[in-house]
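Please read these numbers as outputs of a predicted model, since none were measured by experiment.
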Amino acid sequence: MRGFSLVLCIIGVLITAVGVVVYFQDNKGLGIAGFVLGVGAGSIGVMVFLTDFVLRILRRTASLMVRFQLWLLKLEINGELGAPIDETGDLEERIEEPLSRWSDD
């Protein structure tokens with residue numbers, strides 16, 4: 001996910017640079033279109049990267065599937081946010097375990 005987002009950011013920067021060159025070559029329409037496409041691709045890449053970063057910091061998992069059908073107006077998005085990635089067990093068990101060692105039974 002991080003690799004895809006970084007590639008998308010680099011592509012956005014390159015498209016924006018080409019848009020700048022085309023804009024100053026007296027083809028204003030294509031230059032502005034390059035600005036829009038480049039900034040859009042770059043910002044989507046940044047958002048995907050930051051989303052992945054936040055999910056990794058919070059130790060969460062995410063699954064997203066997007067389906068498009070060409071020539072039809074049909075978009076299906078299915079996603080879910082999973083539980084924290086932890087191999088030691090449930091949070092309540094980890095909290096109660098140290099307390100049970102110190103209790104006077």
Side-chain angles (χ1 to χ4, degrees):
M1 178 104 99
R2 286 185 292 173
F4 170 71
S5 63
L6 291 175
V7 168
L8 200 58
C9 288
I10 291 170
I11 289 172
V13 168
L14 292 176
I15 292 174
T16 304
V18 169
V20 169
V21 170
V22 171
Y23 182 81
F24 284 113
Q25 289 179 350
D26 293 331
N27 198 347
K28 307 253 185 234
L30 281 176
I32 293 173
F35 294 159
V36 171
L37 288 176
V39 169
S43 61
I44 289 172
V46 168
M47 286 188 286
V48 169
F49 182 83
L50 290 178
T51 301
D52 183 57
F53 181 73
V54 168
L55 286 173
R56 287 179 189 263
I57 290 288
L58 297 176
R59 293 185 182 169
R60 304 288 275 185
T61 59
S63 175
L64 179 67
M65 180 177 62
V66 179
R67 281 189 198 162
F68 294 100
Q69 283 190 350
L70 197 59
W71 308 113
L72 293 174
L73 188 59
K74 182 178 180 183
L75 172 66
E76 179 182 334
I77 300 176
N78 297 323
E80 69 180 52
L81 184 63
I85 302 170
D86 192 12
E87 299 165 356
T88 60
D90 194 20
L91 180 62
E92 295 173 0
E93 293 173 2
R94 287 185 290 156
I95 291 174
E96 292 175 5
E97 184 179 328
L99 295 176
S100 63
R101 282 188 288 163
W102 298 102
S103 63
D104 295 328
D105 289 347

Heavy-atom closest contact (Val39 atom, Thr16 atom, distance): N-OG1, 3.5 Å
Measuring from Leu6:CG to Ile11:CD1, what's the distance to the nearest 0.5 Å? 11.0 Å
I need the Leu50 CG to Ile57 CD1 distance, nearest 0.5 Å. 11.0 Å
Rounded to the nearest 0.5 angstrom, the SG-CD1 distance for Cys9 and Ile44 is 10.0 Å
Provide the full list of side chain to side chain donor-acceptor pair (under 3.5 Å) pairs with a residue in residues 38-56, sequence neighbours left out, each pair given once. Asp52-Arg56
Minimum heavy-atom distance between Gly12 and Ala41, given as atom pair plus value: CA-CB, 4.0 Å
Distance-minimising heavy-atom pair for Phe35 and Gly19: CE2-C, 3.6 Å
Sole residue of Leu14, Val7, Val13 in side chain to side chain contact (heavy atoms under 4.5 Å, CB included) with Ile10: Leu14
